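Computed from a prediction, not measured in an experiment: that's the story for all the values here.
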Amino acid sequence: MKSIIKFSVAMFIVVMTMTACSTHQYDLTLDNQITEFEIKADRQFVTWTAQAMADNTQPAVPVVACQAAPVAAGQTLSLISPLSEPDSQFFNSAETDLALIESRTKALNNNPAIDQQIFGLRNIFYQIKYKKQHCSQQDSPAYIAIQRKQVSVIMQSMLTYERVLKNGSGTSQK
C-alpha cells in the first residue's frame with residue numbers, strides 16, 4: 001500500500017514537473033493559499049491527535065468499527081457543516097479554502113491533476129467529518145496520523161508544482 005502511494009505521488013510530481021514547462025503560470029497568491037491551507041490543516045490534525053490521545057486513556061471496549069462514507073469517483077463532496085456538528089468551523093473554512101484554491105488553479109492553469117488532488121483532500125476531510133458525525137467511537141491517534149500524512153503528501157505535491165512553475169516562469173509572477 002505504501003509503495004503504491006509513493007509511486008503515485010512520484011508519478012504526480014513527474015507529471016506536474018513536465019506540465020510546468022508549458023504555458024502554466026506561477027501565482028504567488030495561489031502559492032500562499034496552498035501554504036496557508038497546509039498550515040491550517042496541520043494545526044487541526046495536531047488538535048485531533050491530542051483529542052484522540054486523551055480519549056485513548058479509556059479502557060478498550062470491543063466495538064464494531066464505524067464504516068467510512070461511501071464515495072464514488074467524481075462525486076461532489078462538500079465539507080460544509082451546520083454549526084452544531086463537531087469541528088464545523090474547521091470544515092466550513094476548509095471547504096472555502098479548497099474552493100478558492102480550486103477556482104484559482106482552474107483560472108490560471110486548468111491542470112486536471114490539481115483537480116484530483118483537491119478531490120483527494122476533500123475526500124480525506126469528508127471521511128473524517130463523516131466519522132465524527134456518525135461514529136460513537138473516537139478516531140485512534142494512528143488513524144489521524146495516517147490521514148495527516150496523506151494530506152501532507154498531497155499538499156507537498158501541490159507546493160512542489162508551484163515551485164516548479166515559479167522557477168520556470170521567472171517573469172509571470174502575479
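Closest approach of Gln117 to Ser157, counting heavy atoms only: OE1-OG, 3.7 Å. Closest non-hydrogen pair, Ser81 versus Asn92, comes out as N-OD1, 2.6 Å. Pro70 and Gln75 make their closest contact through O-OE1, 3.8 Å (heavy atoms, listed as atom of the first residue, atom of the second, distance). Of all the heavy atoms in Asn109 and Gln25, the pair that sits closest is OD1-N, 2.7 Å. Closest approach of Ile154 to Gly120, counting heavy atoms only: CD1-C, 4.1 Å.
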Working for salt bridge (Lys or Arg N to Asp or Glu O under 4.0 Å), residues Arg122 and Glu102: CA-CA 11 Å; Arg122 271 201 183 98; Glu102 183 175 39; 3.3 Å; yes
Ile114 vs Ile118, side-chain contact (heavy atoms from CB on, under 4.5 Å): CA-CA, chis, key distance, verdict: CA-CA 6 Å; Ile114 295 291; Ile118 296 290; 4.2 Å; yes
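The aromatic rings of Tyr130 and His134 are tilted relative to each other, their planes meeting at an angle between 30° and 60°.
Considering only residues two or more places apart in sequence or on other chains, Gln33 meets the side-chain hydrogen bond (donor to acceptor under 3.5 Å, both in side chains) condition with none of them. Judged as a ring-ring contact (aromatic ring centres under 6.0 Å, His included), and not counting sequence neighbours, Phe119 has no contacts.
Expressed to the nearest 0.5 Å, how far CG of Asp31 lies from CG of Leu165 amounts to 9.5 Å. To the nearest 0.5 Å, atom OG1 of residue Thr35 and atom CD of residue Glu162 are 8.5 Å apart. Note that the OH atom of Tyr126 and the OG1 atom of Thr76 stand 10.5 Å from one another [nearest 0.5 Å]. For the atom pair CG of Leu79 and CD1 of Ile124, the computed distance is 11.0 Å after rounding to the nearest 0.5 Å. Considering CG of Asp27 and CG of Leu108, their distance stands at 4.5 Å, rounded to 0.5 Å. Atom CZ of Phe45 and atom CD1 of Ile144 lie 8.0 Å apart (nearest 0.5 Å).
Hydrophobic cluster membership is shared by Leu159 and Leu98, with clusters built from Ile, Leu, Val, Met, Phe, Trp and Tyr side chains linked at under 4.5 angstrom.
Counting only heavy atoms from C-beta outward, the side chains of Leu100 and Arg104 never approach each other to under 4.5 Å. Between Thr105 and Met158 the shortest side-chain heavy-atom distance does not fall below 4.5 Å. Side-chain contact check for Lys166 versus Leu28: every heavy-atom pair is 4.5 Å or farther apart. Using a 4.5 Å heavy-atom cutoff, the side chains of Tyr26 and Asn167 are not in contact.
Classification of Lys132 and Asp87 as a salt-bridged pair holds, one side-chain N sitting under 4.0 Å from a carboxylate O.
If you look at Trp48 and Tyr143, their ring centroids are not closer than 6.0 Å. Aromatic pair Phe125/Phe90: ring centres closer than 6.0 Å.
Between the side chain of Asp42 and the main chain of Glu38, no donor-acceptor pair closer than 3.5 Å is present. The backbone N or O of Gln156 sits less than 3.5 Å from a side-chain atom of Thr160, completing a donor-acceptor pair.
By the neighbour-count criterion of 12 heavy atoms within 6.0 Å, atom CD of Gln89 is sparsely surrounded, having that number or fewer from other residues, nucleotides or ligands.
With 3.5 Å as the limit, one finds no donor-acceptor pair spanning the side chains of Gln127 and Gln147.
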